[in-house]
Protein chains: 2
Amino acid sequence: METRIAKAARTVLDRDAWIKGAIAILAEGGAQRLRVEVLAKRLGVTKGSFYWHFKDRRDLQDAVLEFWKDGRIRDIRKQTQAEPGGEAAALLHTIEVYASARNRKGIAIEAAVRDWARHDPQAAAAVEAVDAERLTCACRLFLARGMAQREAEARSLLLYAYVFGASLMRHGAFTNDIASLKSWIADLISH
Amino acid sequence: METRIAKAARTVLDRDAWIKGAIAILAEGGAQRLRVEVLAKRLGVTKGSFYWHFKDRRDLQDAVLEFWKDGRIRDIRKQTQAEPGGEAAALLHTIEVYASARNRKGIAIEAAVRDWARHDPQAAAAVEAVDAERLTCACRLFLARGMAQREAEARSLLLYAYVFGASLMRHGAFTNDIASLKSWIADLISH
DNA sequence: GTGTTTCCATACGGTAGGGTATTGAGTTTT
DNA sequence: AAAACTCAATACCCTACCGTATGGAAACAC
């Protein structure tokens, strides 16, 4: 028989809920804000609970990185499944995904993880795996358009370097028609 | 009369020495490692001294940002003082400065400040000022080569976005001839 | 019902670090 | 030399965390 009266509605979380909360903190405050007491408070519980689900803080961090890595790789593979002839569109779309502002959170996480990677080997490994996958997928699209291997590799590298770099810039200058500049750039990169 | 006997060689620091030490920490550990006790230990004194030179931690942070901003703007102006006809070379040089590994520390500081800017308005302002200066200087070089305003702006933006983005990527893939890819890219950007 | 498992709360000890107050040692000025 | 100034050492207090130990409440198994 169900007890639906919910006398105090005790919050019950699983490992995944903790990881998702951690990702949210990562997006908002970066890796150094990813603290267990802060996360517990956000989830409405105390850290006593945390240590039931995770061995320690490092355990959470590794889980977050794994989660992020898998998600990114899944997304890339989905985005670059272009039907023949649609490669150019797929490339433009890849650029737009990171340029557009409707993906704020994803970009914030990306930046946070990349900064994290500067001092954490695990994070660096995750970034490296994601980068490798992205580069090969983009490269495949360029190659499908009959481009030479070398140029395809170079353009793939340029594409992703540009995309991440652009998200780091604070452009008060050129403020008039950024969108138009960016579309010009996207054309140059994807030919 | 000079006392040169230095019986215990008491460490004597001025504000500038503290700032330079802070920059070193920033390069190695990022903004969140910029702590006064850590910095004091690195300089061989205790934090009791720190609070004589600075009002508080924020005071140091602002000084560091000011120092960085001024240095960057000075460098950009120097690097982009091309004699007529040398604009292309100056642009390639600008790309190389951030691509080459002999500028490790500068790149690390750049990355640290940019990450810092994601959560600190003062840092964001410094980055914005530096970006604006860099973009206008690069744009001037493109324009000097007879390029249209719009294309010059777009290429300037691409140049810097690419340069910073490249420093964020962990490329295990394409590991064979990165240097050659990068020079191909530099050519594409600077035409 | 009575275990048993699952999950959370409470309380505690430990470390790192920011900030202040005070003292004191060199150095410079008078 | 005496006074004044400069800068560092020491000793605090306070907060934010990490991690552990223990107990307790709910859900599930029988």
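Letters A, B, ... mirror the listed sequences (proteins, then strands); counts begin at 1. Quick caveat: nothing in here was measured; it's all calculated off a predicted structure.
Rounding to whole angstrom units, OH of residue Tyr51(B) and P of dC7(D) are separated by 18 Å. Between Trp52(A) atom CH2 and dA21(D) atom P there is a gap of 17 Å when expressed in whole angstrom units. Summarising the geometry, the separation between CG on Asp56(A) and C1' on dC17(D) is reported as 14 Å, rounded to the nearest angstrom. Residue Leu60(B) contributes atom CG, which lies 14 Å from atom C1' of dG17(C) at whole-angstrom precision. A straight line from NZ of Lys41(A) to C1' of dC18(D) spans 15 Å, rounded to a whole angstrom. If you measure from atom CD of Gln61(A) to atom P of dC17(D), you get 14 Å, rounded to the nearest angstrom. The CG atom of Asp14(B) sits 16 Å away from the P atom of dT27(C) (whole-angstrom rounding). Rounded to an integer number of Å, the gap from Arg35(B) CZ to dA16(C) C1' is 8 Å.
Contact annotation: Arg15(B) does not reach the phosphate of dT6(D) (side-chain N/O to OP1 or OP2, under 4.0 Å). In terms of phosphate contacts, His53(A) brings a side-chain nitrogen or oxygen within less than 4.0 Å of OP1 or OP2 of dC8(C). The side chain of Arg33(A) contributes an N or O atom lying less than 4.0 Å from OP1 or OP2 of dC17(D).
The residue among Gly48(B) and Lys47(A) whose nearest nucleotide of DNA chain D is located toward the 5' end is Gly48(B). Projected onto DNA chain C by closest heavy-atom contact, Gly44(A) and Glu37(A) fall at different nucleotides, the more 5' of which corresponds to Gly44(A).
The backbone N or O of Arg170(A) sits less than 3.5 Å from a side-chain atom of Asp131(B), completing a donor-acceptor pair. One N or O on the side chain of Thr136(B) and one on the backbone of Glu133(B) form a donor-acceptor pair closer than 3.5 Å.
Leu159(A) CG to Tyr162(A) OH: the interatomic distance, rounded to the nearest 0.5 Å, is 9.5 Å.
Using a 4.0 Å cut-off between a side-chain N of Lys or Arg and a carboxylate O of Asp or Glu, Glu87(B) and Arg155(B) do not qualify as a salt bridge.
Using a 30° and 60° split on the angle between ring planes, Phe54(A) and Trp18(A) fall in the perpendicular class, above 60°.
Picking from dG18(C), dC8(C), dC18(D) the nucleotide with the shortest atom distance to the side chain of Val36(B) gives dG18(C).
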